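Encoded as structure tokens, the structure appears first; notes follow it.
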Amino acid sequence: MKFSKTYEPNQFEPDIYALWESSGAFRPAEQGNPYSIVLPPPNANGNLHIGHGLTVAVEDSLIRYHRLVGDSTWFLPGADHAGFETWVVFEKYLESQGDSRFNHSREELYQMTWDFVAEQRGNMELQLRALGASLDWSAFTFTLDPKVIDTAYTTFKQMWDDNLVYRGEKTVNFCPKHQTAFADIEVAHKEEQGTLYDIAYPLADGHGELVVSTTRPETMFGDTAVAVDPDDKRYQNIIGKYVKLPLTDREIPVIADDFVDEAFGTGVVKVTPAHDHIDFEVGKRHNLPMISVIGEDGKLTEAAGADYAALTIEQAREKVLKDLKAQDLLRGRKEITHSVAHCYKCNSILEPLLKEQWFVKTEPLAAKAIEALRENQIKFYPASKKQVVINYFKQLKDWNISRQIPWGIPIPAFKANDGQWIFDTNTDQPFIIKDGVTYYRDEDTFDTWFSSGQWPYITTNHLEQPSPYYPLAVMETAADILFAWVARMIMFGLYRTGTVPFKDVYLHGLVLDEKGQKMSKSKGNVINPIEIIGKYGSDAFRIGILSSRSAGLPQAFSESKVVAGRNLCNKLWNISRFIQQMVDEGDFKEAVEEGRAAPLLPAEREGRSPVKTGASPEVSSEKSPFTTINMGEDWICRELDHCKTELDKLIGKYRFAEAVELLYDTIWNKYADWFLESQKIYKNTPLLQKTLEHILIMLHPFAPFLTETIWQTLSWTTDLLITQKWPAKLPYDPMTAEQFETLMIIISTVRGHLQSLPGGQKPNLLFGNDSLVNDNQVLIQFLTHVPAVIPDDTPQGMRIALPNREIYLDIDEQTLKEYKQNLENNILKLGAEINTLETRLRNPNYRDKAPKELVEETQKHLEQKQTTMQRLKNELTLI
RNA sequence: GGGCGCUUAGCUCAGUUGGCUAGAGCAUCUCGUUUACACCGAGAGGGUCGGGGGUUCGAGUCCCUCAGCGCCCACCA
């Protein structure tokens with residue numbers, strides 16, 4: 001293969017991925033420490049979004065790094081049926097077809113959704129490949145695979161037997177549009193303006209009234225008590241009495257309960273146990289009846305009375321207020337801001353409805369989790385999230401796992417007419433008969449998180465046979481599913497396996513648009529990772545999205561960082577092309593013969609034994625005398641070595657942005673700009689080859705396609721880059737490396753002076769007693785483009801502004817004078833400007849009367865100019 | 001109501017346990033057709049690290065406080 005003149009990622013990426021996949025490189029190696037990551041399963045029904053792009057960039061970089069380091073890596077793919085999420089999409093589709101869920105049985109709907117999803121599936125997998133994810137596709141798990149369902153069932157059964165799962169009737173968060181209940185965590189609370197109404201409830205004995213404050217007058221038909229603060233002096237004498245419930249003929253008791261805040265509203269609360277979570281608890285405490293007056297359709301039921309039945313909540317509220325007013329029972333109203341529960345998909349207000357569901361008793365599970373976290377069994381990145389999770393566990397309430405949607409894992413429970421529930425996994429049967437009793441299937445499905453919460457030990461098959469890949473090395477996922485997913489995996493992991501499911505948790509924040517706004521379809525600011533890849537290449541995307549990003553924070557996506565990534569790829573492409581050219585030209589042998597080149601690693605020249613790494617076997621056998629002033633070789637070996645050790649540290653701490661920046665700097669500013677430039681003079685081809693190999697290996701985790709393509713194209717490399725060994729230390733002489741650093745400063749300073757010379761002159765460089773310059777005349781000349789570098793006992797002209805160095809640019813008196821004059825002129829001009837500013841600032845009139853910002857700005861300008869002045873003066877004294 | 005996070009160059013952001021003249025990319029300005037690369041090379045400008053106070057030999061980094069922005073949790077009838 002040959003290097004094309006230009007870097008065009010789209011031409012090789014798919015082929016390279018296929019090469020890896022067919023080679024078996026994605027499978028865990030036989031040898032090495034287990035290192036496993038499970039890709040958070042993307043929604044099978046959708047396309048990947050930018051967050052997935054970030055996930056893959058992070059996880060695949062970790063996997064590739066650990067593969068190179070010699071670990072036995074296992075990167076596990078999967079897809080999520082995403083119960084409710086997908087169901088919403090499917091139901092919309094149904095509606096668009098003029099169809100409805102109510103026209104079909106559960107089995108039909110399940111099959112229809114399956115087919116619907118099947119059409120989309122595969123998209124996501126192709127996109128993961130485009131991102132370069134080195135996933136073991138043979139280990140692919142779908143969240144509705146039999147093994148997932150089996151595990152969900154055995155866990156459910158075990159929890160049932162352990163009294164950790166129970167059937168209970170409680171107020172649940174019910175979406176009238178989607179016709180399903182939600183877990184607490186799925187509820188979207190939103191601050192809203194509402195009205196607090198004061199309504200008079202006449203005392204049953206006819207002596208006065210009690211005024212209750214409520215935002216939900218329409219639920220009053222379900223009131224079974226009114227409550228006051230037990231310490232509220234105003235109401236002491238009526239606790240235990242009865243009030244008449246307006247618009248009905250019922251009488252309800254006045255109870256005292258601590259939950260009432262006497263300072264809020266009138267200090268009297270209506271208690272509606274069937275339609276409010278708090279009231280439900282109150283009702284339990286006080287043994288109150290629970291009357292449901294709102295149905296699952298979001299309309300009032302017969303229990304609300306004939307006048308109100310079938311009205312929507314809004315209609316009912318209006319009518320109740322009107323009717324109360326007619327009876328002169330409305331005592332006041334007040335606008336308040338309060339938080340209202342919404343469906344996170346359709347934004348409907350969620351109704352608390354009394355409903356029988358399956359609940360997980362979370363307290364014992366959460367306690368175990370808290371213990372494990374307190375013992376630091378899991379490391380969090382960012383670290384602050386640990387306490388956040390602990391706090392979540394502390395207040396966690398029982399978890400409703402029943403969903404009234406067909407798209408999911410059927411709950412393996414059957415109920416007899418006498419209310420007896422039994423566990424059975426024959427969920428494809430509408431009913432079963434056992435010992436002559438008929439049991440009917442629970443039509444509900446599990447909350448998606450009930451099964452995906454068990455993902456780590458399901459995917460690694462740890463329950464069947466203890467796996468060295470469990471616990472996972474790290475769980476990398478979006479910070480916003482910390483509670484929904486990560487917390488649950490910890491609870492389940494401890495429950496089923498006795499160990500935490502992963503050693504580290506790395507959370508990435510939301511990827512925002514370029515302006516720092518949340519991406520959303522409605523705003524039209526969604527950035528599609530696949531489009532970015534098409535434009536700049538997969539590697540550029542990965543580098544770009546990892547740059548300038550730290551754990552846990554919501555941060556903007558910056559296309560300019562992708563551009564920088566693309567530019568780096570292009571740079572490395574050309575570096576490789578150039579080195580290959582030199583190898584092809586056989587410059588190396590020729591150079592050795594002419595005594596221009598040192599074909600050995602720097603350390604070998606001094607008789608130290610070389611450390612052999614990677615390929616290029618021809619290097620070590622040849623011996624040749626150390627010939628010349630080639631200090632850049634020691635220096636680049638030192639820099640590459642430093643880069644490698646730093647990378648080890650940074651990747652170990654999940655500091656990807658810094659790792660990428662380090663590689664960028666090393667490859668571009670060090671390797672290309674200095675070493676490669678110097679090698680145009682001193683061609684040490686074997687070293688060029690060796691160092692290029694190291695660079696390719698080190699960049700591979702972040703830019704896999706590019707580096708592998710180069711590896712496959714170079715004439716001397718063998719096998720696959722993806723399975724090479726992480727570089728070993730390169731030998732070098734630290735003193736020599738340090739001297740090169742000084743040389744770099746000299747060259748840069750000379751360049752600076754040349755640029756500011758009047759008339760764009762190109763003078764010679766003269767030097768006196770300076771061995772460093774003396775030894776590097778050719779290189780200095782080449783890199784500064786002066787016509788010549790000449791030793792001179794009495795050098796003169798313009799002195800280079802470096803202390804203790806006898807280096808001069810050979811310019812005539814006139815030019816020097818001109819240059820100095822220029823400097824002095826600049827100093828004068830600047831001095832005048834500074835004076836003006838100072839006078840202005842000293843003027844009390846100006847200080848007092850001018851706008852403050854302007855005065856501040858003046859001050860700022862002054863300081864800037866003073867700094868510049870100092871620099872110019874320094875230069876003048878030195879030359 | 002409770003909690004978390006952010007505020008550093010024009011823009012988007014790095015900056016681990018406090019330590020040399022605070023960094024990157026992109027953008028800007030000047031110069032450059034040196035045969036790897038103009039997706040390039042060389043040089044340069046630009047920041048009182050949100051405000052105020054404190055601890056320290058030393059603070060972008062720790063503490064207090066104020067302001068702005070963002071997020072999460074919550075039994076705000």
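Keep in mind that what you see is a predicted model, and the values were worked out from it rather than measured. In what follows, every chain begins at residue 1, and chains take the letters A, B, ... in the order their sequences are listed.
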Six-ring centre of A/Tyr381, A/Lys386 cation under 6.0 angstrom, axis tolerance 45°: no
Sugar-phosphate only, base, or nothing, as touched by A/Gln517 at under 4.0 Å among non-hydrogen atoms: nothing
C1' gap between B/G19 and B/A44, integer Å: 29 Å
Side-chain donor/acceptor contact of A/Glu677 with base of B/A36 under 3.5 Å: yes
Under 3.5 Å: donor-acceptor pair, side chain of A/Asp198, backbone of A/Thr266: no
Residues A/Gln193 and A/His338: side-chain donor-acceptor under 3.5 angstrom: no
Sugar-phosphate, base or nothing in reach of A/His785, heavy atoms under 4.0 Å: base
base_contact_polar (B/A36 base, A/Lys5 side chain, donor-acceptor, <3.5 Å): no
Any donor-acceptor N/O pair, A/Gln395 side chain to A/Tyr392 backbone, under 3.5 Å: yes
Sugar-phosphate, base or nothing in reach of A/Gln395, heavy atoms under 4.0 Å: sugar-phosphate
Short side-chain N/O contact to B/G15 OP1/OP2 from A/Arg655, under 4.0 Å: yes
Stacked pair A/His189-B/C73, distance under 5.5 Å, angle under 30°: no
Euclidean distance, atom CG of residue A/Leu54 to atom P of B/U12 [Å, nearest integer]: 19 Å
Given RNA chain B, 5'-ward residue of the pair A/Lys385 and A/Phe578, judged by closest heavy atom: A/Lys385
Separation of the P atoms in B/C63 and B/G5, to the nearest angstrom: 10 Å
Ring centers of A/Phe782, A/Tyr682 separated by less than 6.0 Å: no
Dot-bracket encoding of pairs in RNA chain B, which uses [ ] for pseudoknotted crossings and | for another strand, Watson-Crick or G-U under 3.5 angstrom: (((((((..((((.....[...)))).(((((.......))))).....(((((..]....))))))))))))....
Under-3.5 Å donor-acceptor pair between A/Glu514 side chain and B/C26 base: no
Euclidean distance for C1', B/G15 against B/C57 (whole angstrom): 23 Å
